[in-house]
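To start, the structure itself, in structure tokens.
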Protein chains: 2
Amino acid sequence: MPAATNPANHDHDHCIADALTRADALCAERGARLTALRRQVLELVWTSHRPRGAYAILEDLSQREGKSAAPLTVYRALEFLVEQGLVHRLESLNAYIGCAAPGAVHSGQFLVCEACGNAVEIDDPRIRAAIDTIAAERGFQVDRPTVEVRGRCTDCQEKTP
Amino acid sequence: MPAATNPANHDHDHCIADALTRADALCAERGARLTALRRQVLELVWTSHRPRGAYAILEDLSQREGKSAAPLTVYRALEFLVEQGLVHRLESLNAYIGCAAPGAVHSGQFLVCEACGNAVEIDDPRIRAAIDTIAAERGFQVDRPTVEVRGRCTDCQEKTP
DNA sequence: GGCATGATGTTATTTTATAACGTAGTCAGC
DNA sequence: GCTGACTACGTTATAAAATAACATCATGCC
């Protein structure tokens, strides 16, 4: 049973289970190897809806395994998960978060609350379209657009208005 | 005389001089202290149009001064410059770049070429508008939007099509 | 001049990430 | 089943990026 699941009023265990199920399906479909280690790291990334640092995951992993794992263990698993689109890296936080819609095309857009730390993936086509338009005007060939918006989520605005 | 100025066909010395002049004016206007050290770090950030890491700047600074400076020296100067809007931090690169339009409101948008390393500040209102729209729809209060688009600039596309 | 404030110096440490090399599973084809 | 190639994982060391804590120095104001 994973720790610290119910941050608000939703069944986070369900989020985790869902994410793992989708990951299993996607990797099977692609012939990618979602090994026990990688699966476990994915689960630890999904501990909450807050982006998690590699070393936080490392600590959890060490605790679970009863022995201290090496940073590379986690970084390699994360690399795989990011490649498969199961996890995103938040550049402005040096942290990782589970992808809300793996399998679908995603361009990596996030609303990050500076109060509670939660990050919500938005992937809105309008932002992507705006970026594509401007890039086209300048002859710039887009490869990987990163959008990370810091601010305050609705809940946190209500708490301290 | 700064090193490695003319990357392409523009007078980069002019870019640097310009940036310093504007910085002087802005800081004077605001009563902010652009000290010799900070001014020098700003100049080193402007070495090229490629984002530069703090430690690269540190190295240059040490060389200029003839003695090795401490990381904090550079980080503190950079912090000041970022606060004043004279320099931006590129989150996805852990690097810093001179602001193209200090004084004006800017939301920090960049096109970063993965081939030549150059980064161009765009600050396009359409991207900002798209972000604001989506944030408003979700009740998210925007504080600091970060947009960093990786890809290939026109020049580099021509070189290897 | 004296004092408050802000800037810089110095040393140590933390956090994040990668390099280099070796071992051990895993799967395909025979 | 065996072999060989490939991929994943373990281990140790190190690099890169950033900050903490505290001392000292400069600057501007009264």
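Numbers restart at 1 for each chain; the letters A, B, ... are given by sequence-line order, proteins then strands. Basis for what follows: all heavy atoms, side chains included, without hydrogens, waters or symmetry-related copies.
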With a 3.5 Å cut-off and no angle check, do the side chains of A:Glu91 and A:Thr146 form a donor-acceptor pair? no
Please figure out whether B:Pro71 or B:Arg38 has its closest DNA chain C nucleotide nearer the 5' end. B:Arg38
Which nucleotide, D:dA18, C:dT11, C:dA17, lies nearest any side-chain atom of A:Arg89? C:dA17
Considering just the side-chain nitrogens and oxygens of B:Thr73, establish if one lies under 4.0 Å of OP1 or OP2 belonging to C:dT8. no
Take the protein atom NZ of A:Lys67 and the nucleotide atom C1' of D:dT11, then report the distance between them rounded to whole Å. 11 Å
Integer-rounded Å distance: D:dA16 C1' and B:Leu93 CG: 14 Å
Are OP1 or OP2 of C:dA17 and a side-chain N or O of A:Tyr75 less than 4.0 angstrom apart? yes
Tightest non-hydrogen contact, residues A:Val41 and A:Ala77, listed as CG2-CB, 3.7 Å
Of the candidate nucleotides C:dT10, C:dT16, D:dA18, which contains the atom at the shortest distance from the side chain of A:Tyr55? C:dT16
Can you measure A:Arg52 atom CZ to C:dT16 atom C1' for me and round it to whole angstrom units? 15 Å
Atom CG of A:Leu58 and atom P of D:dC9 are separated, to the nearest Å, by 15 Å
Have a look at B:Leu37 and say if it touches a base, only the backbone sugar-phosphate, or nothing, with a 4.0 Å heavy-atom cut-off. sugar-phosphate
Out of C:dT11, C:dA17, D:dT11, which has the shortest distance to the side chain of B:Leu72? C:dT11
Can you measure from CD1 (A:Ile134) to CD (B:Gln109) and round to the nearest 0.5 angstrom? 7.0 Å
Under 30°, 30 to 60°, or over 60°: which ring-plane class applies to B:His12 and B:Trp46, parallel, tilted or perpendicular? tilted
For B:Arg33 and C:dG6, is the shortest distance between a side-chain N/O and OP1 or OP2 below 4.0 Å? no
In whole Å, what is the span from the CD1 atom of B:Ile57 to the P atom of D:dA18? 10 Å
NA contact type, A:Arg76, heavy-atom cut-off 4.0 Å: base, sugar-phosphate, or nothing? base
Can you tell me if A:Glu121 and A:His88 form a side-chain donor-acceptor pair at under 3.5 Å? yes
Output yes when at least one side-chain N/O atom of B:Thr35 is less than 4.0 Å from OP1 or OP2 of D:dA26, else no. no
Write down the distance between CZ (A:Phe80) and C1' (D:dA8), rounded to a whole number of angstrom. 10 Å
Please report, rounded to the nearest Å, how far the P atom of D:dA8 is from the CD atom of A:Gln40. 17 Å
Atom-to-atom span, CD of A:Glu65 to C1' of D:dC9 - whole angstrom: 12 Å
Distance check: side-chain N/O of B:Asn94 vs OP1/OP2 of D:dA18, anything under 4.0 Å? yes
